[in-house]
Amino acid sequence: MGVKSWILPLLLLQILFGKFGIAELEQHTERISGSAGDVLEDDPVGRLKVFVYELPLKYNKKIVGRDPRCLNHMFAAEIFMHRFLLTSAVRTLNPEEADWFYTPVYTTCDLTPNGLPLPFKSPRVMRSAIQFISTNWPYWNRTEGADHFFLVPHDFGACFHYQEEKAIQRGILPLLKKATLVQTFGQENHVCLKEGSIIIPPYAPPQKMQAHMITPDTPRSIFVYFRGLFYDVGNDPEGGYYARGARASLWENFKNNPLFDISTEHPTTYYEDMQRAVFCLCPLGWAPWSPRLVEGVVFGCIPVIIADDIVLPFADAIPWEEIGVFVAEKDVPNLDTILTNIPIDVILRKQRLLANPSMKQAMLFPQPAQPGDAFHQILNGLARKLPHDKSIYLKPGERTLNWTAGPKGDLKPW
Amino acid sequence: MFHSHGTRRSNAAARSSASGGLEGGGVGSPAASSASEGSSFLPSASTFWLLLHGLCCLISLFLGFRFSRLIFVLLFSNTIYTYTTTTTTTITSTRTETLTVSFPLTHTPPIETAVKPNNSALELSDKMSNQGSSHSQVVVGRHGIRIRPWPHPDPTEVMRAHRIIERVQQEQRKWYGVKSPRPLIVITPTYARTFQALHLTGLIHCLRNVPYPVTWIVVEAGGVTNETASLLARSRVQFLHIPFHEKMPVEWAERHLTENRMRLLGLRVIRERNMDGIVLFADDSNVHSLDLFDEIQKVQWMGSVSVGILAHSGGPDRTLLTEDEKLNPPIPVQGPACNSSGHLIGWHTFNSIPYSEKSATFVGESATVLPGKMEWSGFVFNARMIWKEAEDGRPEWVKDLDKIGENGEEIESPLALVNDASFVEPLGDCGKKVMLWWMRVEARADSKFPPGWIIDPPLEIVVPAKRTPWQESDDLAGSKLEQDDRRFTRPKSRSSSKRKNALPGQDN
């Protein structure tokens, strides 16, 4: 009894002191808790086990070797995820105890001279990889891929096309019907987003962004900042197709507005300028997602997302409505009214949330990996999907995947 | 140009066909409209179909694949589409019309986008027609470019945006700037003369922009004058106007000494009133950067910053650099010098040897004005250092203020306030950053200026300058010149006659 009598005041004291510690932190940043809870800082190690298939080098290393530009473009997440998993603590060499199976195939590394990936061979490459794993290991056929995950960071994910109409026509590759897809594309009620997919941010080079950091006491004097195309003169000269007309509308309405620093230039001080801006526009382009979101979060500039029905990265872990501003495409002509009418407390709170280092970490793919970064968030997302439902294990002889579905061209071997 | 004309025409034709289809009862088809037209005319069916064929050829020539796609969808689809036409206006105000067509999606039913009225400018309120679907969907295809009728900034919104920016910057200063900012006490010696308004206006505006509370002690030589008082009254800075009993002497050497005594008087005022904060000496002709005020917040007891010395005579710079000087040009800076580990080891001073023969002795002389060995403006210190009672533990290396200047000795620089100069803290990245500049520009001591810089009474006599760049005119131009002059004088004035010769006593 005597011991217990002073445990309570000790607890009280600790709570008091603990509160002071948290209060100081809260002044500057704020904790982030999404719909899945306070999960950004979860450690996936110990919560799941991933088995990495050993594919022949023609599926991964040789592709990168042919064109090392793949390591710097915004689709490089597939390559770095492979490298991360090879040395990660969640990797297991025993496939019997694995919860998830990873197939390292780089489908977004066939680049044009300009550096844009061509998706025409990607379905065949993926099909060939899946054929390989299904013939050499029994685990694919056991569940038809329901406990496998693939990284498909291209424009429209596993629809493997850059043009939206064609992508919708093709749909997700039939062989990937049951697998979990980790992709950058996310739009509600869209063919190319299947349920249970994990949305990730596009790859942005962390060292390059770090090199352009300026002191945080530099006052933010630009109200709205954007650099990029408004009209895609090569593919859509009249406008109206590109970005569903939203970017063109931005230009026509706000080119004369001194609060909007928008242009098509490519300044060398792009990252520094973002750190001097309060709002950074992230409108859709040919696809709804954009690396500007990552850049805005890293540089503390509130992202203004103009893309109807978009699904943002790690949406269950990050409460994007509290961090960014969502503007419907039809409201773009009123963007200045919308932004200036946001209450100042809301703006300051968004900046506090953005200043949280775990938020910035979650958007990046640093090498070597650091705790809380995008790699770990992907693993956390996979861990949250565990345990697998018993129904994914097929009974012997049961087959649901149609291996001959899809356009004829996809069936050619690679 | 031709193409756009053609587009307009063909689009107009397509529009009429489409709207005709709408009137026809929902199923748009050019055949229906043409059939209704055809029945009212009498020419034979074959010529009519020929005409229609020609029209379609012309349209598809300009619309291209879009027309054929339109016809295809119209004729062969089995669901009802409503066609929306949108118009966009560009700044060059050419009218281009676009058709918004919804495509059949493979897995989902087609949904129309917003129906926009067919005006020259788009309305802001769109009517969303969500027919046949429970959730909103985004449609692939061409959309209109929405432009509001007046795409220019609204002034209230601009003001609101600026207030947002201000508040954000205030918050930034709170997090990343100085944690507990101390108020500043600025001491400025001044006296009424021609260039005073110039110098003080710059200093006033600078102090107004300092983000910390400022108390400005203005010590005026020759007592309080209306000139200075009126400038200070309009300054919107909190000030103390202290008179100093001596008049400002005309010789520079004497002037430096008098200024030092005025600054000491300012220090005594601080001591009497126990004012708290950081003491800074801002001469009225110096130029300060706002970074200086952020930097000096770091001072503990006494700090020193680098002062850029802008010693310049009125005329062209005739000092020829020696070979040695060309290789290592002299840096016109006074301030602390540090060793590699950042400790104070000495002082940079301004090399005044090249100017020694030609320096100015009288104020307003057109020769180089030289600074003192160590300018007061390069030193800042904690006001508690000069308080009577050593409250916060005034360090022992500080002399008591009362004991200074007792014997009538002259105080050359603030280093006389301390026993040991090595305790002075070097600020501004160890003196590498120059944040204020010393400059002395004055007119002759006897130069006149309108009191308060208000021209009253108004100018009556206009005297031409002796050498104008334009030709001295004969009568025609001369009368015009007189007319111009009349415009520039106040209506009450009498004549604005042009006098060829300057009148004595009026010449300034």
Side-chain angles (χ1 to χ4, degrees), chain A residues 27-29 164-165 168-171 187-191 215-224 236 238-241 243-249 251-260 278 288 307-310 329-334 336-337 339-342 344 347-348 351-352 355, chain B residues 7 86 88-91 96 98-100 103 105-108 111 113-114 116 122-126 128 133 135-154 156-178 294:
Chain A
Q27 209 181 8
H28 185 91
T29 64
E164 192 167 359
E165 293 149 23
I168 293 173
Q169 255 176 7
R170 311 192 82 219
Q187 189 175 307
E188 284 170 28
N189 304 316
H190 198 278
V191 178
T215 51
D217 61 350
T218 312
R220 290 189 187 264
S221 45
I222 303 175
F223 192 60
V224 176
D236 177 34
E238 291 161 16
Y241 267 111
R244 294 195 277 268
R247 287 194 184 197
S249 173
W251 175 250
E252 299 299 341
N253 281 303
F254 300 112
K255 59 183 176 219
N256 292 324
N257 196 323
L259 294 173
F260 283 67
V278 178
D308 288 346
D309 289 348
I310 188 174
E329 286 165 33
K330 65 175 171 59
D331 291 329
V332 166
N334 302 334
D336 54 351
T337 316
L339 291 180
T340 50
N341 280 328
I342 302 179
I344 185 67
I347 293 180
L348 292 178
Q351 290 195 319
R352 275 201 301 274
Chain B
T7 336
T86 63
T88 61
T89 47
T90 63
I91 41 161
T96 58
T98 56
L99 289 167
T100 311
F103 291 96
L105 304 176
T106 46
H107 298 281
T108 52
I111 291 296
T113 53
K116 296 178 242 319
L122 291 164
E123 301 295 326
L124 288 181
S125 55
D126 295 315
M128 280 293 294
S133 169
H135 37 246
S136 71
Q137 282 194 15
V138 185
V139 185
V140 184
R142 163 159 277 132
H143 291 62
I145 302 172
R146 297 169 169 87
I147 304 178
R148 65 186 197 205
W150 180 247
H152 293 291
D154 176 44
T156 25
E157 280 167 19
V158 173
M159 274 322 295
R160 241 180 278 151
H162 281 290
R163 261 177 243 127
I164 291 176
I165 294 177
E166 224 181 282
R167 184 71 184 84
V168 164
Q169 289 183 1
Q170 197 187 341
E171 199 70 14
Q172 272 183 286
R173 263 200 300 273
K174 195 172 86 165
W175 295 350
Y176 304 111
V178 179
D294 293 328

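Numbers restart at 1 for each chain; the letters A, B, ... are given by sequence-line order, proteins then strands. Everything quoted here is computed from the prediction, not taken from an experiment.
At a 4.5 Å heavy-atom cutoff, A:T215 makes no contact with chain B through either its backbone or its side chain. For a residue to count as touching a neighbouring chain, one of its non-hydrogen atoms must lie under 4.5 Å from one of that chain's; by this rule B:Q172 touches chain A with the side chain only. Only the side chain of A:D236 comes within less than 4.5 Å of a heavy atom in chain B; its backbone stays farther off. Contact annotation for A:Q187: only side-chain heavy atoms (C-beta onward) come within less than 4.5 Å of a heavy atom of chain B.
Residue with the most contacts toward chain B among A:G245, A:A248, A:A246, A:S249: A:S249 (heavy-atom pairs, distance under 4.5 Å). Of the listed residues (A:V332, A:D331, A:D308, A:D336), the one with the most heavy-atom contacts under 4.5 Å to chain B is A:D336. With chain B as partner, the option from A:R247, A:E164, A:H190 having the largest number of non-hydrogen pairs under 4.5 angstrom is A:E164.
With hydrogens and angles disregarded, no donor-acceptor distance shorter than 3.5 Å links the side chain of B:E171 to the backbone of A:L348. Side-chain atoms of A:E252 do not come within 3.5 Å of backbone N or O of B:I145 as any donor-acceptor pair. Distance alone, capped at 3.5 Å, is enough to place a donor-acceptor pair between the B:R142 side chain and the A:G239 backbone. Checked by atom type and distance alone, the side chain of B:R148 pairs as donor or acceptor with a backbone atom of A:P333 at under 3.5 Å.
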Show your working on side-chain contact (heavy atoms from CB on, under 4.5 Å) between B:H152 and A:F254 and close with a plain yes or no.
-> CA-CA 7 Å; B:H152 293 291; A:F254 300 112; over 6 Å; no
Assess whether side-chain contact (heavy atoms from CB on, under 4.5 Å) is satisfied between B:E157 and A:T337, documenting all intermediate values.
-> CA-CA 7 Å; B:E157 280 167 19; A:T337 316; 3.0 Å; yes
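From A:I347, atom CD1 reaches atom CD1 of B:I164 across 4.0 Å, with rounding to the nearest 0.5 Å. One distance of note links CD1 of A:I344 with CZ of B:R160; it measures 12.5 Å at 0.5 Å rounding. Atom CG of A:L259 sits about 6.5 Å away from atom CD1 of B:I165, to the nearest 0.5 Å.
Salt-bridge check for B:R146 with A:E329: failed, with every basic side-chain N at 4.0 Å or more from each acidic carboxylate O.
Residues A:P216 and B:Y176 approach most closely at O-CD1, 3.2 Å, considering heavy atoms.
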